[in-house]
J.: 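Mind looking over this structure? Questions follow.
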There are 2 protein chains.
Amino acid sequence: MAKGKRAAAMAENRAKLIRAAREAFATQGYADASMDELTAAVGLTRGALYHNFEDKKGLLWAVVEQIDGEMAERLRIVREQAPSPWLGLLAEGSAYIKMALDPEIQRIMLLDGPAVLGDPSKWPGENACLDITMRTIRALIEEGIVKPVDVEAAGRLLNGAALSAALWVAAADDPKSVLSKAVDAFRALASGLLREAREPA
Amino acid sequence: MAKGKRAAAMAENRAKLIRAAREAFATQGYADASMDELTAAVGLTRGALYHNFEDKKGLLWAVVEQIDGEMAERLRIVREQAPSPWLGLLAEGSAYIKMALDPEIQRIMLLDGPAVLGDPSKWPGENACLDITMRTIRALIEEGIVKPVDVEAAGRLLNGAALSAALWVAAADDPKSVLSKAVDAFRALASGLLREAREPA
DNA sequence: CCTCTTGACATACGCCTCGTATGTGAATGA
DNA sequence: TCATTCACATACGAGGCGTATGTCAAGAGG
């Protein structure tokens, strides 16, 4: 056999490059990350890069896709573990805020990603995180818990609020206390979507 | 006289460079904007740039500062013209969303700015827009209209929601209809800050 | 009126980075 | 065994940034 020897090696090198890129993009930022250093760090050259990916931007695409998938998976778990859909929505918000504390996610997904690749709403995988939030909101509307607002609009604004909160917390001198304030404010805003003034369980 | 001849000329060149930079950064993006082309467009060279500003990033700082001031001024006017503080807050949100439809503001202030200069919350001038929103919220809390939430948290999340809405609207194929959905959702979220379920005039 | 200094800007240079074109050796298939 | 492919390395060219150096007009002083 040994039929897939070439392909296996290639997949491994792709993975190595993506790993190195996550590291480099997260610590130095996209613009300041040198492809020479990045590839050399895993024992390759730029030749491997331009063979496996379209260009530097293509590598960023691959990194973004990978991280987006990981974030979506974590959010999915959070929602499934919540005792009710409404609390699931709030838990998603908190989880999103906390995830954005990760410098890697912050730098790559929230700062450089949009600047280099354009608005996240147009990303393939269609921003899996947003998708999950929208699904949750849709379910809550069908249950009559949430006002019949536009699902995509509500999802996007909630995500935007969470994102802003995350950046704030991350840049704060005292992340702990700021985090609780941010989560409280998020809950307050989210309650504006409720049909009844009283929050459900 | 003619004492300030040198200084006046320098100020004028500074202004010309900033104007050219706004144009170039907005249309090509920060990374793809060539300082050679940019300066040549106003009849200067890179020499003038590095004499008037620290470096390329310094020029972006100057541009951001200018635009931030203009945005704050427009928001201030919107708030003053509103018939009530609460409606002022909503009007500010709408105005912010609409402002972000301007490609210049979008690209420079919302995409490249944060990516290159770091989180906006740490910008000098301290993001005048946020400041205005916070002032409005503080007033509403003192009047008992809004829940006693953390002012900065509420302001940041509201701004984040508006920003997210703006990017969504800007990237939409049908901005008109999306804009109304976004504004509706913003009003819904904002109402979550109210002490009473019923919205005030 | 002449000289000297200052400073705003232009010019010239080196270094780095990206993207592509070309080379190469190992894995495949016959 | 030989030819082919292909994953990757090497070599090359273009362009951009930042700095060091040059230059010439505007002011200061006698």
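First the proteins, then the strands, lettered A, B, ... as listed; each starts at 1.
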J.: OP1, OP2 of dA8(C) versus side-chain N and O of N13(B): anything below 4.0 Å?
T.: no
J.: Would you mind reading off the distance between K56(B) atom NZ and dG15(D) atom P, rounded to a whole angstrom?
T.: 16 Å
J.: Determine, for Y30(A) and K57(A), whether the Lys NZ or Arg CZ falls below 6.0 Å from the six-membered ring centre while staying within 45 degrees of the axis.
T.: no
J.: Whole-Å distance between dG15(D) C1' and E37(B) CD?
T.: 10 Å
J.: Can you tell me the distance, in whole Å, between the CG atom of L59(A) and the C1' atom of dG19(C)?
T.: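 Nearest whole value for this atom pair: 14 Å.
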J.: If I take atom CD1 from residue I141(B) and atom CG from residue D150(B), how far apart are they, to the nearest 0.5 angstrom?
T.: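 Result: 8.0 Å between the selected atoms.
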J.: Please pick, from dC8(D), dA10(C), dC17(D), the nucleotide with the shortest atom-to-atom distance to any side-chain atom of Y50(B).
T.: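 Among the listed nucleotides, the one closest to the side chain of Y50(B) is dC17(D).
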J.: Measure the distance from CZ on F53(B) to C1' on dC17(D) and round it to the nearest whole Å.
T.: 16 Å
J.: Quickly work out the D32(B) CG to dG19(C) P distance and round it to whole Å.
T.: 10 Å
J.: For M35(B) and dC9(C), what is the distance between atoms CE and C1' respectively, to the nearest whole Å?
T.: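 After rounding, the gap between these two atoms is 17 Å.
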J.: Considering only distance and modelled atom types, tabulate donor-acceptor pairs under 3.5 Å from the side chains of residues 179-193 of chain B, sequence neighbours left out.
T.:
from    : atom 1 : to      : atom 2 : distance (Å)
S180(B) : OG     : S177(B) : O      : 2.9
S191(B) : OG     : A188(B) : O      : 2.5

J.: With heavy atoms under 4.0 Å as the rule, sort A33(B) into base, sugar-phosphate or nothing.
T.: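 A33(B): backbone/sugar contact only, no base atoms under 4.0 Å.
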J.: If you define the side chain from C-beta out and look only at heavy atoms, does anything of R74(A) sit under 4.5 Å from M71(A)?
T.: no
J.: Side chain of T45(B) only, please: which of dT11(C), dT17(C), dA9(D) is the nearest?
T.: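 Shortest atom-to-atom distance from the side chain points to dT11(C).
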J.: Kindly point out which of dC18(C), dC9(C), dC17(D) is positioned nearest to the side chain of R46(B)?
T.: dC17(D)
J.: For F25(B) and dG16(D), what is the distance between atoms CZ and P respectively, to the nearest whole Å?
T.: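 Taking atom P of dG16(D) as the reference, CZ of F25(B) is at 14 Å.
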J.: Are OP1 or OP2 of dC8(D) and a side-chain N or O of H51(A) less than 4.0 angstrom apart?
T.: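 The answer is no; no side-chain N or O of H51(A) sits under 4.0 Å from OP1 or OP2.
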J.: For L44(A) and dC8(D), give me the distance from atom CG to atom P, rounded to whole Å.
T.: 7 Å
J.: Would you say N52(A) reaches dC8(D)'s phosphate, i.e. side-chain N/O to OP1/OP2 under 4.0 Å?
T.: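 For N52(A), the contact criterion (side-chain N or O under 4.0 Å from OP1 or OP2 of dC8(D)) is met.
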J.: Categorize S34(B) for me: base, sugar-phosphate, or nothing, with a 4.0 angstrom heavy-atom threshold over every strand shown.
T.: sugar-phosphate
J.: Identify, between G47(A) and A31(A), the residue whose nearest nucleotide on DNA chain C lies closer to the 5' end.
T.: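 The residue mapped nearer the 5' terminus is A31(A).
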J.: Could you tell me how the ring of W123(A) sits relative to the ring of W61(A): parallel (under 30°), tilted (30 to 60°) or perpendicular (over 60°)?
T.: perpendicular
J.: DNA chain D: D36(B) or L49(A), which has the more 5' nearest nucleotide?
T.: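 Looking at DNA chain D, the more 5' nearest nucleotide goes with L49(A).
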